[in-house]
Amino acid sequence: MLPTHDTSARQHTGGPTPVPGRGGNRNPQVRRPELSNVEVEIASLLDRSTQELRLAWRKLHRTEPPLGISRDLLIRSLAYDLQQRAHGGPNFRLRRRLQTLAAASEKSALSFDPGVALKTGTTLVRQWRGHTHAILVREDGFEYEGERYRSLTVIAERITGAHWSGPRFFGVTKRARSSVLAEARA
């Protein structure tokens, strides 16, 4: 069977699926005004040969693409890199969370509880010995009394003078949340 160059057929041959709303026309001469330069560059990846995609990978990563990587994965990876270059990559908190998940996966952990994810801008409030303590969740950690901290545990130790689990002290563990819900229902 002869290979087909129709973009609608690529979906069934393991190639990348067509991008909705763009049709099958990948001619760079015919640009739609609503497409950004990055989108046009990503769309042009579909028209490149596998050799051209491998060359683009080598220029970008300064190494050969992994052995056995499919054309589809090359296109997707290059598209991700173009988007990351144009719009920026994941923030520090997301990268740290992904590293934690990857480390747990490498240890072959059968179940991994990533805990509760706190959103930037959230304020945690805790009463301790008659004083109210407020902690602001920041993108790069936590802020307490004008100082930045990387973990809640350090702040809990500063407040209590003893070692505490920070998430447990501030009630942001899953166990603490479920007990609060149980008390609210009673």
Side-chain angles (χ1 to χ4, degrees), residues 1-122 136-143 148-154 167 172 174:
M1 191 174 210
L2 294 173
T4 181
H5 297 290
D6 180 28
T7 57
S8 64
R10 287 186 182 153
Q11 182 174 5
H12 305 292
T13 60
T17 56
V19 178
R22 291 204 187 140
N25 187 354
R26 300 283 183 227
N27 185 350
Q29 306 290 329
V30 185
R31 290 188 181 175
R32 294 164 83 182
E34 67 270 7
L35 296 180
S36 70
N37 290 339
V38 174
E39 290 171 319
V40 170
E41 212 171 334
I42 290 171
S44 73
L45 291 174
L46 294 173
D47 292 331
R48 293 186 186 179
S49 69
T50 304
Q51 285 301 87
E52 290 173 325
L53 293 171
R54 289 179 167 284
L55 181 61
W57 178 285
R58 283 192 289 274
K59 285 182 180 176
L60 186 66
H61 296 286
R62 295 188 176 129
T63 184
E64 292 292 320
L67 290 175
I69 189 170
S70 68
R71 174 183 164 76
D72 179 51
L73 198 52
L74 266 173
I75 290 171
R76 290 172 188 262
S77 177
L78 290 170
Y80 173 79
D81 293 333
L82 289 170
Q83 289 173 336
Q84 191 173 22
R85 185 179 67 196
H87 304 294
N91 63 27
F92 172 77
R93 176 166 263 181
L94 177 59
R95 284 194 318 268
R96 188 168 82 183
R97 187 160 173 81
L98 289 172
Q99 287 172 346
T100 303
L101 291 169
S105 175
E106 287 173 3
K107 292 178 185 174
S108 300
L110 294 178
S111 65
F112 174 71
D113 180 14
V116 176
L118 298 172
K119 292 185 179 183
T120 302
T122 302
L136 175 65
V137 178
R138 302 177 57 95
E139 190 170 310
D140 58 346
F142 304 94
E143 185 176 320
R148 291 186 184 173
Y149 296 88
R150 289 187 61 190
S151 76
L152 286 173
T153 301
V154 174
V172 294
K174 285 187 177 183

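All values below come from the heavy atoms of this structure, side chains included, with hydrogens, waters and symmetry mates left out.
Residue pairs meeting the ring pair (Phe, Tyr, Trp, His ring centres under 6.0 Å) criterion with at least one partner in residues 77-102, sequence neighbours excluded, are absent. Among residue pairs with one or both ends in residues 59-68, those qualifying as side-chain hydrogen bond (donor to acceptor under 3.5 Å, both in side chains) are Arg58-Glu64, His61-Asp81; sequence neighbours excluded.
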Do Leu74 and Arg54 pass the side-chain contact (heavy atoms from CB on, under 4.5 Å) test, and can you show the C-alpha distance, the side-chain angles, and the key distance before you say yes or no? CA-CA 8 Å; Leu74 266 173; Arg54 289 179 167 284; 3.9 Å; yes
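With sequence neighbours left out, the salt bridge (Lys or Arg N to Asp or Glu O under 4.0 Å) criterion links Arg85 to Glu41. Applying the side chain to side chain contact (heavy atoms under 4.5 Å, CB included) test to Arg48 and every residue at least two apart in sequence or in another chain returns Ser44, Leu45, Glu52, Leu53, Ala56. When the side chain to side chain contact (heavy atoms under 4.5 Å, CB included) test is applied to Arg138, the partners found at least two apart in sequence or on another chain are Leu136, Asp140, Glu143, Arg148.
Panel note: side chain Arg96, backbone Asn91; no donor-acceptor pair is recorded below 3.5 Å.
Note that the OG atom of Ser36 and the CD1 atom of Ile42 stand 7.5 Å from one another [nearest 0.5 Å]. Interatomic distance, Leu94 CG to Gln99 CD, rounded to the nearest 0.5 Å: 10.0 Å. The OG1 atom of Thr50 sits 11.0 Å away from the CG atom of Asp72 when rounded to the nearest 0.5 Å.
The nearest pair of heavy atoms linking Pro90 to Gln84 is CD-NE2, 3.6 Å. Across all their heavy atoms, Arg93 and Phe142 have their closest contact at NH2-CZ, 4.0 Å.
Taking the side chain as every heavy atom from C-beta outward, Pro167 and Thr153 approach each other to under 4.5 Å.
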